[in-house]
Amino acid sequence: MPLARSLSVTSLSGLEEWDEEFDLEDAVLFEIAWEVANKVGGIYTVIQTKARLTSEEWGENYFLVGPYVESNVRTQVELIEPTNPALKRTIDKMNSSGCKVYFGRWLIEGSPYVVLIDVGFTAWSLDTWKSELWELCDIGVPWFDREANDAVLFGFLTAWLLGEVTQSEEPPHIVAHFHEWLAGLGLVLCRHRQLPVATIFTTHATLLGRYLCAGNVDFYNKLANFNVDKEAGDRQIYHRYCLERAAAHCAHVFTTVSQITAIEAEHLLKRKPDIVTPNGLNVKKFSAVHEFQNLHAQSKNRIQEFVRGHFYGHLDFNLDKCLFLFIAGRYEFSNKGADIFLEALARLNYLLRVSVCKNVTLDVTVIAFFIMPARTNNFNVETLKGQAVRKQLWDTAQTVKERFGKKLYESLLVGQLPDVSKMLDKEDFTIMKRAIFATQRQCQPPICTHNMLEDSSDPILNCVRRIGLFNSSADRVKIIFHPEFLSSTSPLLPMDYEEFVRGCHLGVFPSYYEPWGYTPAECTVMGIPSISTNLSGFGCFMEEHIADPSAYGIYILDRRFRGVDESCNQLTSFLFQFCKQSRRQRIIQRNRTERLSDLLDWRYLGRYYISARHMALAKAFPDTYYYELNEPTSTSGFRYPRPASVPPSPSLSRHSSPHHSEAEDNDEEERYDEDLEAEKDRVNIRQPYALPFKNKSALNMEYKSGSLDFVVY
């Protein structure tokens, strides 16, 4: 089922369109990455979602270059003959010289052309090319590092491909955009061979940064003091680090995905990025004809069904007053913030239990899901049994309901009111009693849904044992650890990730190291509030664009200027305040969160990639192209107060929302003016500065008219 923004929600129409003044007919864009039609990590999502917008901009002159992986090509790529004459000659020449290069269309939105290179077929050249790399750059690649060996083969083949294209009779102006260190060697070779190619290098996360943070180093406070060569050598990645650093320094334009990563790259790679290119989403992909509030209700019901089975025998809490929180991503316990999340949950559990003792009307139960893949051997038997018991109870209820309905029908048919005492016989009571006895459970509901291979040393389970959250009846916070990515074919929780996110109330991502953060971005697009940090690219981006992010369901945790205990207290405060919201307040907060979707759309964020390509063309071909970068206007001191409007009843809103409980009817009677709130949002969301790009003829006209008062590069 396609999950998406609701078309009825007011969009941020204040976002300005950027009119293009540059003719791309004489230019060709090659985008090179190891994850083209080859899903490994987040870069695959970046390229896949951005492809449609880039194809619309460049048309037939846009080509993606990646590795040939047969299993992926069979399901994702339609192989065809090259349409570009120069590229056809290049591929034919390379194939006749002992390579295997394929051309086709990637079957995703935009259907971009792809050039896929079989690096394994040219492995016979590995030693020769590694020797050449040593002679040119003094970079030695060890024989046992298979990933680095693939990077060498891919880099030399990419440089060969681009070199052949530039040898055509009338070569176009080529822009080559390289992603990450695995593709970076091709850029270094292009510059060393002095090919007429405008080059861009984007690092989505520095190699050394990942390794340092994984080692529990005080990374950001010591960022300026690291001996980068020693640190890379100690971790046996010095050759990889050299490839990454060389690509960053050789590129005409160097970019990163966030401001926090730009600071990291400046210290570790020793070059300040020219421009930040944030990651976006194809928001149209999430468009739905139904209201996103109703989609939330539907997905929430499916999660509730799972919870009924998981907690059978201990279902002593009200599911209608239950909040679903989740954290998802790679299993990096500290980097992803799972450690601080668990500690905050323990403190939240104490606050919720104390609120009951003090007779505070806060009857809320929190269930926190941890969706992080780990090594397992199978589903937990007790977890599977819970879902079987739930299904058996449902079948029993349906059987009794059918018998009751038949007797009621026959009684009404003869014109008599039914005798309630005779509607259920002894057999019905026997069936129901057996079903009730089947729900009795001697043990606590399990924490983990699978059998862990390393149970005794697992970080999450060890932390749960330390804080003592074992899903007991007294606990107001329950924990479910699902060490496997979600799938609609799972017999346990048959939901796709997008559906699961829709059904939750809050995403919690208190990451210590997160160059961008697609998980909170996906939450925002689907109208789900989230907690991020000022050490993540997403959190910094939202702080820059939204004066009061928390009013729109984007909570920014301070992990940069606070200690761990202070950050944990702040996270606990965020969670406790969220628990105190009424259902009506959560509904209107989701409306506000979803309204921010346009900020994360590639049609908005794609302009930064366009700017990077323009900058590269101007540096590589200064006689033809010109680029001017205007500094953004200052927004210091700009603060948008928390909206004064009282959250409404869904029936008073234009959005079709699930019916609220009668207990909340008298909470807040004031109407909520959504048009007024949407207008305030447009003021609150800061507009990006325009990045004009002009060809040389337009530049000369302005210069002659006397309107040019800046330096020409």
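Only this structure's heavy atoms are used, side chains among them; waters, hydrogens and symmetry mates stay out. These numbers come from a predicted model, not from an experiment.
- Shortest non-hydrogen contact noted between Ala33 and Ile47 is CB-CD1, 3.4 Å.
- Counting heavy-atom neighbours within 6.0 Å of Lys93 NZ, excluding the residue itself, gives a total of 12 or less.
- For the atom pair Glu35 CD and Glu180 CD, the distance stands at 8.5 Å (nearest 0.5 Å).
- The environment of CZ in Arg193 is crowded: more than 12 heavy-atom neighbours from other residues, nucleotides or ligands sit within 6.0 Å.
- For Asp458, the side chain to side chain contact (heavy atoms under 4.5 Å, CB included) test picks out Tyr331, Met452, Ile460, Leu461, Phe481, with sequence neighbours left out.
- Checked by atom type and distance alone, the side chain of Lys619 never pairs as donor or acceptor with a backbone atom of Val253 at under 3.5 Å.
- The aromatic rings of Tyr102 and Tyr68 lie parallel to each other, with less than 30° between the two planes, well short of the 60° mark.
- Thr128 and Ser125 share no donor-acceptor pair across their side chains, judged by distance under 3.5 Å alone.
- Taking the six-membered ring for Trp and the full ring otherwise, the centers of Trp106 and Tyr62 sit at least 6.0 Å from each other.
- Contacts of Glu266 classified as side chain to side chain contact (heavy atoms under 4.5 Å, CB included), with partners at least two apart in sequence or in another chain: Lys272.
- Ion pairing of Arg603 with Glu56 is present here, as a side-chain N (NZ or NE/NH1/NH2) and a carboxylate O approach within less than 4.0 Å.
- The nearest pair of heavy atoms linking Val165 to Ser168 is O-OG, 3.0 Å.
- The shortest heavy-atom contact between Val36 and Pro67 is O-CD, 4.2 Å.
- The distance between the ring centers of Phe30 and Phe63 falls below 6.0 angstrom.
- The minimum heavy-atom distance linking Ala251 with Ile200 is given by the pair CB-C, 4.3 Å.
- Each of Arg210, Arg559, Glu264 was scored for a side-chain hydrogen bond (donor to acceptor under 3.5 Å, both in side chains) with Tyr513, with one residue passing: Glu264.
- Distance check: Gln167 CD to Leu162 CG gives 11.5 Å after rounding to the nearest 0.5 Å.
- Looking only at side-chain heavy atoms (C-beta outward), Arg613 and Trp58 come within less than 4.5 Å of each other.
- Distance CG/Asn221 to CZ/Phe561: 9.5 Å, rounded to 0.5 Å.
- Counted within 6.0 Å of NZ on Lys270, heavy atoms from surrounding residues, nucleotides or ligands total more than 12; the atom is thus considered enclosed.
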- Task: Show the numbers, then the answer: is there a side-chain contact (heavy atoms from CB on, under 4.5 Å) between Val101 and Val115?
- Result: CA-CA 7 Å; Val101 183; Val115 179; 3.6 Å; yes
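- Aromatic ring pairs are classed by plane angle as parallel below 30°, tilted from 30° to 60° and perpendicular above 60°; the pair Trp129 and Phe156 is parallel.
- With salt bridges taken as basic N to acidic carboxylate O contacts below 4.0 Å, none links Glu70 and Lys100.
- Ion pairing between Glu231 and Arg235 holds under the 4.0 Å rule for side-chain N and carboxylate O.
- Sorted by first then second residue, the ring pair (Phe, Tyr, Trp, His ring centres under 6.0 Å) pairs that include residues 246-268, not counting sequence neighbours, number zero.
- Atom-to-atom distance recorded for Leu268:CG and Leu212:CG is 6.5 Å, nearest 0.5 angstrom.
- The SG atom of Cys190 sits 7.5 Å away from atom CD1 of Ile32, with the distance rounded to the nearest 0.5 Å.
- Proximity of a side-chain donor or acceptor of Ser611 to a complementary backbone N or O of Arg607 within less than 3.5 Å is not detected.
- Partner Thr255 forms a side-chain hydrogen bond (donor to acceptor under 3.5 Å, both in side chains) with one of Thr203, Thr202, Thr261, Asp274 and no other, that one being Thr202.
- Rounded to the nearest 0.5 Å, atoms CZ (Arg191) and CZ (Phe201) are 14.0 Å apart.
- Val119 has its side chain out of reach of Val152: every pair of non-hydrogen atoms, C-beta onward, lies at least 4.5 Å apart.
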- Task: Evaluate side-chain contact (heavy atoms from CB on, under 4.5 Å) for Thr524 paired with Phe538, printing each intermediate quantity in order.
- Result: CA-CA 11 Å; Thr524 303; Phe538 174 83; 3.4 Å; yes
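- The closest donor-acceptor contact from the side chain of Gln48 to the backbone of Ile108 lies at 3.5 Å or more, if one exists at all.
- Across all non-hydrogen atoms, the minimal contact from Ala612 to Ile275 is CB-CG2, 3.9 Å.
- At a threshold of 4.5 Å between non-hydrogen side-chain atoms, the residues Leu600 and Met542 count as touching.
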- Query: Checking side-chain contact (heavy atoms from CB on, under 4.5 Å) for the pair Met372/Ile327: CA distance, chi angles, key distance, verdict?
  - Reply: CA-CA 8 Å; Met372 292 180 162; Ile327 181 174; 3.8 Å; yes
- Please assess Cys213 against Tyr512 for the test side-chain contact (heavy atoms from CB on, under 4.5 Å), listing each intermediate value before the final yes or no. CA-CA 8 Å; Cys213 286; Tyr512 183 75; 4.1 Å; yes
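- A donor-acceptor pair is defined here as one N or O able to donate and one able to accept, closer than 3.5 Å; no such pair exists between the side chain of Thr256 and the backbone of Thr277.
- A donor-acceptor contact under 3.5 angstrom links the side chains of Glu109 and Asn282, judged on distance only.
- Within the 4.5 Å cutoff, side-chain heavy atoms of His204 are placed close to those of Asn279.
- When side chains are defined from C-beta on, Tyr497 counts as touching Thr519, because their heavy atoms get closer than 4.5 Å.
- Between Glu514 and Thr533 the shortest side-chain heavy-atom distance does not fall below 4.5 Å.
- Between Gly42 and Tyr518, the shortest heavy-atom contact is O-CE1, 4.1 Å.
- Contact check for Thr83 versus Phe103: side-chain heavy atoms found under the 4.5 Å cut-off.
- Using bins of under 30°, 30° to 60° and over 60° for the plane-to-plane angle, the ring pair His179/His177 lands in the parallel bin.
- At a threshold of 4.5 Å between non-hydrogen side-chain atoms, the residues Arg560 and Ile260 count as touching.
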